[in-house]
There are 2 protein chains.
Amino acid sequence: MPNQSGIDAVGRVFHALADPSRRAIVERLVRGPAAVKELAEPLAMSLPAVMQHLKVLEDAGVIVSEKHGRVRSCRLEPQTLRTAERWLSGQRTEGERQLDQLDDYLKGT
Amino acid sequence: MPNQSGIDAVGRVFHALADPSRRAIVERLVRGPAAVKELAEPLAMSLPAVMQHLKVLEDAGVIVSEKHGRVRSCRLEPQTLRTAERWLSGQRTEGERQLDQLDDYLKGT
DNA sequence: CCAATAGTTAAGTACATGCCTAACCAATCC
DNA sequence: GGATTGGTTAGGCATGTACTTAACTATTGG
């Protein structure tokens with residue numbers, strides 16, 4: 001069991017993105033919503049395996065899905081990726097922060 | 001085994017960051033280098049366990065370490081986190097991209 | 001209605017992860 | 001030199017992850 005209990009939102013997102021198949025799914029969904037079948041196609045694995053990946057992504061809040069008729073449509077929940085991005089951008093050393101300021105200065109001119 | 005073979009750099013970084021103890025280590029190292037002992041202190045686990053976490057972080061390229069005398073000093077390798085950040089910022093939907101442009105416009109005025 | 005399509009559930013397997021304890025090594029300190 | 005400090009190695013255990021196949025359900029097109 002991981003060190004901390006269940007409510008580790010950022011951790012779930014990073015864990016979801018650690019798998020190349022799941023990142024491929026995300027990369028596909030950036031271009032718009034897709035059905036499970038379509039997401040499965042390029043992935044060289046069984047449908048149930050894909051479903052598990054989708055569950056991990058959905059539990060992490062990276063995607064949402066809803067069923068219309070017999071097809072489940074999945075789409076990205078962009079805010080969640082932004083949260084992870086924000087955690088990363090928070091981890092800057094003092095040196096980096098100075099470079100960032102220089103950067104802003106140059107852009108602002 | 002994950003779907004793809006070993007040379008998945010971004011995947012290793014995300015996997016390293018999925019664990020709360022490892023993120024705590026990163027958050028500490030943002031404020032400057034530290035010895036293994038110091039990193040272990042707030043973590044409520046054995047030294048060997050901490051060492052394994054450090055190995056995961058080092059294999060992912062998130063940190064580097066070198067031994068001076070009997071103490072191993074660890075520090076952040078900021079570029080690696082930037083790589084992960086860049087992957088995330090690449091995953092923007094069309095809608096988000098438009099918001100970003102609006103954002104840039106407002107800032108640039 | 002029947003068959004094909006899209007998805008779901010269940011159960012099983014192989015391997016990875018996150019911890020532990022115990023034993024060990026090598027640089028310091030007195 | 002001997003004890004202490006900081007780190008390392010080895011082995012083991014419980015749980016989690018990434019798949020698989022087989023069987024099943026619900027929608028839909030002809």
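Just so we're clear, the structure is a prediction, and the values are computed from it rather than from any experiment. In what follows, chains are A, B, ... by sequence order, proteins preceding strands, each numbered from 1.
Between A/V13 and A/A60, the shortest heavy-atom contact is CG2-O, 3.6 Å. Contact between B/R97 and B/G90 at its shortest, heavy atoms only, is NH2-O, 4.3 Å. The minimum heavy-atom distance linking A/R82 with B/L88 is given by the pair NH1-O, 3.4 Å. Taking both residues in full, the closest heavy atoms of A/R92 and B/V30 are given as O-CG1, 3.1 Å, listed atom of the first, atom of the second, then distance.
If you measure from atom NZ of B/K67 to atom C1' of C/dA26, you get 7 Å, rounded to the nearest angstrom. Straight-line distance from the CG atom of B/D8 to the P atom of D/dA18: 12 Å, rounded to whole Å. Atom CG in B/L39 sits about 13 Å away from atom C1' in D/dG6, given to the nearest Å. Rounded to whole Å, the distance from CG on B/D19 to C1' on C/dT17 is 9 Å. In this entry the distance linking CG of B/L54 with C1' of C/dG18 reads 14 Å, nearest Å. In this structure, A/M51 places its CE atom 17 Å from C1' of D/dT17, rounding to the nearest Å. In this structure, A/R12 places its CZ atom 15 Å from C1' of D/dG16, rounding to the nearest Å. Look at CG on A/L57: it is 14 Å from C1' on D/dT17, rounded to the nearest Å.
Not counting sequence neighbours, the partners of B/S73 by the side chain to side chain contact (heavy atoms under 4.5 Å, CB included) test are B/P33.
Close to D/dT17, at under 4.0 Å from its OP1 or OP2, lies no side-chain N or O of A/H53. At least one side-chain nitrogen or oxygen of B/H15 sits closer than 4.0 Å to the OP1 or OP2 atom of C/dT17.
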Side chain to side chain donor-acceptor pair (under 3.5 Å), that's the test. Do A/W87 and B/E85 meet it? Break it down for me. CA-CA 9 Å; A/W87 185 89; B/E85 206 179 339; over 6 Å; no
Just the atom pairs and distances: protein N or O near nucleotides 20-28 of chain D's N or O, under 3.5 Å.
| unit_1 | atom_1 | unit_2 | atom_2 | d |
| --- | --- | --- | --- | --- |
| D/dT20 | OP2 | A/S46 | N | 2.9 |
| D/dT20 | OP2 | A/S46 | OG | 2.6 |
| D/dT27 | O2 | A/R70 | NH1 | 2.7 |

